[in-house]
Amino acid sequence: MLEEEKKKLIATLRKKGIRDEKVLKAIYQVPREKFISPALRKYAYDDNALPIECAQTISQPYTVAYMTEQLNVKSGDKVLEIGTGSGYQSAILAKMGAEVYSVERIKKLHEKARKLLSELGYNVRLKLDDGTIGWEEFAPYDRIIVTAGAPEIPESLLKQLKTGGRIVIPVGSAEHQRLYVIDKTVKGYSRKVFHHFRFVPLIGKEGWQKY
Ligand code: SAM
């Protein structure tokens, strides 16, 4: 039953343009139903964002797939995620062989994700903090993914990115954002701007001050 729903979701993602087989395989393998409340489990493989605790969301599978595809992760890459939320995106990155570091500002979500990811056997390093200032201790990172909407790109995150690295981040107003893909090169930064998305706000020192 669940297998059928998973296959249907993968077919939907392919139809919407996701081509990276590694991303599709990870989405197929990570049990999304474990990252949401039991009452919503029947919707686990619908292509929709779902509410989690503390008025936050687990992103739509298409958004996760699109952002992960844009991130272009290789096995062994050191990846920093800002906005652990349910822990689902972290699990996808870990499944793809990345060394994952993820920061969440809400204690309850951080603790729940820590417990779940460890129960499921994902080796992800988690921190409770304001992720707009990054995670200096383990910098620099090959890739940085921000899963909340920012008013602008936090300077600290750019600083903690390796030369040759990439950051994927939704930037815009509180209501809607566009996905920025930024590459750090020896000559500076190159920027591509993609799709419109709607994320919960990135709140912090280098994000939204209040919301
Ligand atoms: N990646 C998550 C997942 O797979 O479930 C979805 C993340 S949810 C759309 C955005 C998360 O970003 C929320 O849990 C929110 O609390 C968190 N967040 C917002 N501002 C933050 C900040 N400054 N530092 C860390 N986390 C932040």
Side-chain angles (χ1 to χ4, degrees), residues 9 23 26-27 29-37 40-41 43-68 70-71 73 79-96 98 100-117 120 122 124-136 138 141 143-157 160 167-172 174-177 179 197-211:
L9 174 62
V23 173
I27 290 185
Q29 290 178 332
V30 173
R32 190 170 186 256
E33 72 277 10
K34 305 265 197 226
F35 294 81
I36 54 189
S37 74
L40 295 174
R41 279 189 186 159
Y43 306 116
Y45 293 96
D46 289 358
D47 189 21
N48 286 319
L50 291 168
I52 54 173
E53 285 173 280
C54 311
Q56 302 302 317
T57 53
I58 175 170
S59 305
Q60 181 183 355
Y62 173 69
T63 306
V64 173
Y66 189 86
M67 288 180 78
T68 310
Q70 290 301 330
L71 201 61
V73 178
V79 181
L80 174 67
E81 178 196 21
I82 308 303
T84 313
S86 69
Y88 179 71
Q89 174 76 71
S90 297
I92 294 286
L93 293 166
K95 195 77 191 172
M96 293 174 72
V100 185
Y101 298 79
S102 184
V103 185
E104 170 59 55
R105 64 182 282 273
I106 299 176
K107 189 164 185 232
K108 194 168 178 186
L109 295 178
H110 162 76
E111 285 174 351
K112 211 171 161 193
R114 182 187 289 293
K115 186 164 178 283
L116 179 64
L117 288 166
L120 294 175
Y122 294 106
V124 175
R125 270 159 255 206
L126 301 173
K127 189 185 189 198
L128 176 67
D129 205 348
D130 171 9
T132 64
I133 56 166
W135 191 346
E136 180 73 51
F138 296 103
Y141 301 94
R143 301 285 185 266
I144 299 179
I145 179 169
V146 181
T147 63
E152 56 198 29
I153 301 154
E155 199 56 44
S156 298
L157 297 186
Q160 290 176 25
I167 175 166
V168 173
I169 176 169
V171 178
E175 283 71 38
H176 55 89
Q177 307 87 31
L179 193 69
F197 285 100
R198 190 179 155 81
F199 278 87
V200 295
L202 181 77
I203 300 170
K205 192 163 171 255
E206 296 183 41
W208 295 99
Q209 301 304 301
K210 54 181 181 251
Y211 186 74

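Order of appearance sets the numbers: ligands from 1, and atoms from 1 within every ligand.
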Does ligand 1 have any atom that is closer than 4.0 Å to a heavy atom of Ile92? no
Please confirm whether Arg32 makes a cation-pi placement over Tyr45, using NZ or CZ under 6.0 Å from the six-membered ring centre and within 45° of the ring normal. no
Numbering as shown, the atoms of ligand 1 that approach Asp129 to under 4.0 Å (heavy-atom distance): 24 (N), 25 (C)
Show which atoms of ligand 1 fall inside a sub-4.0 Å distance from at least one heavy-atom site of Leu202. 19 (C), 20 (N), 21 (C), 22 (C), 23 (N)
What part of [X], side chain from CB on, backbone N/CA/C/O, both or neither, has a heavy atom under 4.0 Å from ligand 1?
X	result
Ile106	side chain
Val64	neither
Thr84	backbone

Between [options], flag the one that comes closest to [atom] by a heavy atom.
atom	options	result
atom 5 (O) of ligand 1	Ser90, Ser86, Ala113	Ser86
atom 15 (C) of ligand 1	Glu81, Arg198, Gln56, Glu53	Gln56
atom 19 (C) of ligand 1	Gly87, Pro201, Gly83	Pro201

Under a plain distance cut-off of 3.5 Å, with no hydrogens placed, do Glu81 and Ser102 share a side-chain donor-acceptor pair? yes
Check whether the side chains of Glu53 and Ser37 place a donor and an acceptor atom closer than 3.5 Å, and report yes or no. no
How far is [atom] from its nearest protein heavy atom, and which residue and atom is that?
atom	value
atom 4 (O) of ligand 1	Gln89 N, 2.9 Å
atom 20 (N) of ligand 1	Ile203 N, 3.0 Å
atom 14 (O) of ligand 1	Glu104 OE1, 2.7 Å
atom 6 (C) of ligand 1	Thr57 O, 3.4 Å
atom 24 (N) of ligand 1	Gly131 N, 2.8 Å
atom 21 (C) of ligand 1	Arg105 CD, 3.3 Å

Please work out whether the ring planes of Phe197 and Tyr66 are parallel, tilted or perpendicular, with thresholds of 30° and 60°. tilted
Would you call the rings of Trp135 and Tyr101 parallel, tilted or perpendicular, where under 30° means parallel and over 60° means perpendicular? perpendicular
Side-chain ion pair, Glu111 and Lys115, N-O less than 4.0 Å: no
Is the shortest N/O to N/O distance between Thr147 and ligand 1 below 3.5 Å? yes
